[in-house]
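When a ligand or atom number is given, it counts from 1 through the structure's own listing order. Each residue takes its place number in the sequence, starting with 1.
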Amino acid sequence: MPSDSPYSRVREADAAVADALTGELNRQRDTLAMIASENHVSPAVLEAQGSTLTNKYAEGYPGKRYYAGCEYADEVEELAIERAKELWGAEHVNVQPHSGTQANMGVYLAVLDPGDKILSLDLNHGGHLSHGHPANFAGQLFEVEQYEVNAETGYIDYDGLHEHAEAFEPDIIVSGFSAYPREVEFERVQAAADAVGAYHLADIAHITGLVAAGVHQSPVGVADFVTGSTHKTIRAGRGGIIMCDEEYASEIDGAVFPGAQGGPLMHNVAGKAVGFAEALEPEFETYAQQVVDNAETLGETLASHGLSLVSEGTDTHLVLVDLRESHPDLTGGEAEDALAEAGIVLNANTVPAETRSPFDPSGIRAGTPALTTRGMGEAAIRQVGDLIYRVVDNVDDEDVIAEVSDEVSELCEVYPLYEDL
Ligand SMILES: *Cc1c(COP(=O)(O)O)cnc(C)c1O
């Protein structure tokens with residue numbers, strides 16, 4: 001077995017899992033992670049997540065637990081909360097949601113009753129399953145209608161959203177998206193919510209880090225509730241978070257526990273605390289700005305080869321390519337497969353006014369958070385953009401894919417990952 005494996009204890013207990021863990025570590029080292037929701041946490045976050053807090057039951061909240069022996073769990077959770085308050089400027093923070101979806105569930109349970117109405121962005125237009133897709137609990141418990149982006153411009157149709165809100169009279173409007181390349185104008189969503197007396201949930205899952213660093217406007221203090229995942233641009237390990245004003249604190253806390261969850265994943269809360277501390281360092285602002293600059297460069301590079309971008313560019317960490325104009329016979333799934341073969345890992349994605357199936361849509365989504373974590377700047381990103389284009393334009397050419405794969409390997413060596421694990 002490779003001597004560089006950090007999983008020697010797992011190996012003694014379970015060689016099959018050690019093989020898979022080592023394979024995954026090397027996969028991350030040797031390929032370019034461009035799935036826009038992914039990132040690489042620091043070794044410190046990994047260590048905190050692998051700590052003995054995984055053993056501890058800590059139902060309740062700091063100082064009000066249902067179990068003895070929670071003094072260190074309390075310390076860790078209080079640190080995570082304090083740091084989150086400082087990062088995002090929220091009055092109240094709950095760091096216990098197991099994921100972003102659970103965070104949204106917490107908000108819905110806190111303020112909605114079954115049958116209440118949710119107005120959210122269509123999944124095909126960049127929304128998220130937890131915003132009320134029929135296959136998700138939110139779609140099953142609540143009545144959901146959806147707003148859209150303007151199919152021509154790719155921007156949220158805020159006027160359409162406002163009119164839709166007046167006609168539908170939702171109890172809550174959800175903003176914040178999974179595949180939207182532009183800055184979200186939270187004040188405009190809030191205006192629609194105010195007009196109909198609806199709550200506003202801003203789900204910043206993807207852009208938590210950009211908001212914390214001030215490179216994207218913040219919904220904190222605008223929307224009633226702000227939710228997020230903690231493993232995307234914020235690099236604090238897998239989990240979720242809810243922020244709100246003090247007035248909703250007890251409803252939110254009660255909705256998360258005991259409403260939706262049992263014991264919190266305290267090892268992940270420790271990961272959040274460490275990741276948030278890292279994000280409070282001044283370098284994190286530089287990182288977040290570089291993520292956005294890199295996405296802009298990626299978009300410009302792809303566009304220079306004739307690929308069309310939804311909304312013609314980006315303000316955030318991701319670009320969404322609509323392949324229909326430049327490569328009408330190529331599906332997003334085919335592009336995803338060919339790119340993965342070359343070591344560039346991203347995902348096929350629906351585009352506004354989608355004409356194919358969601359299982360094999362017309363677009364690809366590419367994000368820069370993970371490559372920026374590896375230290376890539378605009379020159380390297382331009383090279384990556386060129387490589388993406390070469391594969392997209394030659395999906396059936398094994399020679400091209402092999403050449404690109406070699407260049408990807410070289411890039412991975414120049415920008416190494418997890419060297420000290
Ligand atoms: C990623 C994401 C979530 C939450 O996802 P989890 O996998 O449950 O953490 C929620 N909303 C949006 C918009 C997302 O992109």
### Summary
If we number the atoms of ligand 1 from 1 as shown, the ones under 4.0 Å from a heavy atom of His206 are 15 (O)

### Message
Looking at every heavy atom in both Pro6 and Leu421, which two are closest together, and how far apart are they?
### Response
CB-C, 3.8 Å

### Task
Give, for atom CG of Leu307 and atom CG of Asp322, the distance between the pair rounded to the nearest 0.5 Å.
10.0 Å

### Summary
min-distance protein heavy atom vs atom 6 (P) of ligand 1 -> Gly100 N, 3.7 Å

### Query
Short list, please: which atoms of ligand 1 are under 4.0 Å from a heavy atom of Ser229?
1 (C), 3 (C), 4 (C), 5 (O), 6 (P), 9 (O)

### Query
Can you find an N or O of Arg238 that's nearer than 3.5 Å to an N or O of ligand 1?
no

### Task
List every atom of ligand 1 that sits less than 4.0 Å from any heavy atom of Phe177, numbering the atoms from 1 in the order shown and giving each element.
13 (C)

### Task
Tell me, please: is Lys232 in heavy-atom contact with ligand 1, that is, under 4.0 Å?
yes

## Note on the structure
Quick note on ligand 1: atoms under 4.0 Å from a heavy atom of His231 include exactly 9 (O)

### Query
Pick from Gln190, Arg188, His200, Glu185: which one makes a side chain to side chain contact (heavy atoms under 4.5 Å, CB included) with Ser175?
His200

### Query
Are any non-hydrogen side-chain atoms of Ile242 and Val93 less than 4.5 angstrom apart?
no

### Summary
Tightest non-hydrogen contact, residues Leu346 and Ile35, listed as CA-CG1, 3.7 Å

### Message
Can you tell me how the ring of Tyr199 sits relative to the ring of Tyr248, calling it parallel under 30°, perpendicular over 60° and tilted otherwise?
### Response
perpendicular

### Query
Is the closest N or O pair between Ala205 and ligand 1 shorter than 3.5 Å?
no

### Query
Got the closest protein heavy atom to atom 11 (N) of ligand 1, with its distance?
Asp203 OD2, 2.4 Å

### Task
Show which atoms of ligand 1 fall inside a sub-4.0 Å distance from at least one heavy-atom site of Thr101.
4 (C), 5 (O), 6 (P), 8 (O)

### Query
What protein heavy atom is closest to atom 15 (O) of ligand 1, reported as residue, atom name and distance in Å?
Ser178 OG, 2.7 Å

### Message
Distance check, rounded to the nearest 0.5 Å: Glu169 atom CD versus Asp171 atom CG?
### Response
9.5 Å

### Query
Do the rings of Tyr418 and His40 sit parallel, tilted or perpendicular, given the 30° and 60° boundaries?
perpendicular

